[in-house]
Amino acid sequence: MAIPVILVVDDEALLRMLAADHFADAGFEVLEAANGAKALALLAERPDIGAVMTDVQMPGDPDGFALARRVRELCPDCAIVVVSGRASPGPGDMARDARYLSKPYRGEEVVRIVEDLLAA
């Protein structure tokens with residue numbers, strides 16, 4: 001079985017590294033991006049990405065909600081988790097079949113959610 005690849009997107013380096021560590025410990029190959037534009041570039045380069053975890057509020061365009069919707073267009077089968085400590089999703093914000101998680105979250109919780117989405 002192939003090692004699952006996840007892209008962790010967060011402008012806060014420490015939070016991005018902590019999330020990356022949780023996924024690496026769970027057996028994922030982890031890619032990191034500090035904003036939506038870098039995430040989209042990685043998605044174009046790496047068709048093996050099977051999951052994306054993104055923060056909502058990041059500098060530049062797109063924000064996390066828009067990134068998640070774009071990921072769904074580019075990767076219909078990707079597992080998507082959107083996280084935020086400030087913004088809650090409104091109507092039309094979330095990508096189809098994406099999950100929302102409030103910060104702070106437990107690392108084991110977000111890993112389990114992504115594993116469940118990948119298994120579905």
- Measure the shortest side-chain to side-chain distance between V5 and L7 over non-hydrogen atoms and say whether it is less than 4.5 angstrom. no
- Item | Hphob cluster co-occupancy, V52 + V56, side-chain heavy atoms under 4.5 angstrom | yes
- Note on the structure: d(K103 NZ, L15 CG) to nearest 0.5 Å is 5.0 Å
- Task: Taking the side chain as every heavy atom from C-beta outward, state whether L101 and V82 have any pair of such atoms under 4.5 Å apart.
- Result: no
- Item | D63/R69 salt bridge by N-O under 4.0 Å criterion | no
- Query: Hey, quick one: are V83 and V9 part of the same hydrophobic cluster, counting side-chain heavy atoms closer than 4.5 Å, chains of contacts allowed?
  - Reply: no
- Message: Distance check, rounded to the nearest 0.5 Å: L31 atom CG versus I49 atom CD1?
- Response: 5.0 Å
- For S84 and F65, run side-chain contact (heavy atoms from CB on, under 4.5 Å): C-alpha distance rounded to whole Å, both residues' side-chain angles, the deciding distance at 0.1 Å, then the answer. CA-CA 10 Å; S84 181; F65 289 131; 5.9 Å; no
- Would you say the side chain of R99 lies within less than 4.5 Å of the side chain of I80, judging by non-hydrogen atoms? no
- Query: Under 4.5 Å between any side-chain heavy atoms of F23 and V110, yes or no?
  - Reply: yes
- Correct closest heavy-atom pair for Y105 and M53 would be OH-CE, 3.1 Å
- Residue pair L74, L40: steps toward the side-chain contact (heavy atoms from CB on, under 4.5 Å) verdict: CA-CA 9 Å; L74 297 170; L40 289 172; 4.0 Å; yes
- Query: Do L42 and V30 belong to the same hydrophobic cluster, where Ile, Leu, Val, Met, Phe, Trp and Tyr are linked whenever their side-chain heavy atoms lie under 4.5 Å apart, directly or via other members?
  - Reply: no
- Query: Considering only heavy atoms from C-beta outward, does the side chain of D11 approach that of D55 to under 4.5 Å?
  - Reply: yes
- Task: Write down the atom of A26, the atom of V111, and the distance for their closest heavy-atom approach.
- Result: CB-CG1, 3.5 Å
- Query: How far apart are the closest heavy atoms of A95 and A68, and which atoms are they?
  - Reply: CB-O, 3.4 Å
- Drop me the distance from D48's CG to E29's CD, to the nearest 0.5 angstrom. 6.0 Å
- Under a 4.0 Å N-O cut-off, is there an ion pair linking R70 with E73? yes
- Tell me, do L43 and V71 make a side-chain contact under 4.5 Å, heavy atoms counted? yes
- Note on the structure: In short, A33 meets A39 closest at the heavy-atom pair CB-N, 3.7 Å
- Pairwise distance CG(L67) to CE(M58) - rounded to 0.5 angstrom: 5.5 Å
- Message: I'd like to know if the side chain of D25 and the backbone of H22 have a donor-acceptor N/O pair within less than 3.5 Å.
- Response: no
- Message: For the CD atom of E115 and the CD atom of E108, what is their distance to the nearest 0.5 Å?
- Response: 11.0 Å
- Note on the structure: Heavy-atom closest pair (P62 atom, A37 atom, distance to 0.1 Å) is CD-N, 3.9 Å
- Query: How far apart are the closest heavy atoms of L118 and P4, and which atoms are they?
  - Reply: CD1-CB, 4.2 Å
- Query: Distance-only, no hydrogens or angles: does the R72 side chain make a donor-acceptor pair with backbone N or O of C78 under 3.5 Å?
  - Reply: yes
- Message: Is the shortest side-chain heavy-atom distance between F28 and V8 below 4.5 Å?
- Response: no
- With a cut-off of 6.0 Å (strictly less than), are more than 12 heavy atoms of other residues, nucleotides or ligands near CZ of R86? no
- In sequence, state the C-alpha distance, the side-chain angles, and the governing distance for T54 and D10, and then conclude on side-chain contact (heavy atoms from CB on, under 4.5 Å). CA-CA 6 Å; T54 182; D10 198 317; over 6 Å; no
- CG (L18) and CD (E12) are apart, to the nearest 0.5 Å, by 10.5 Å
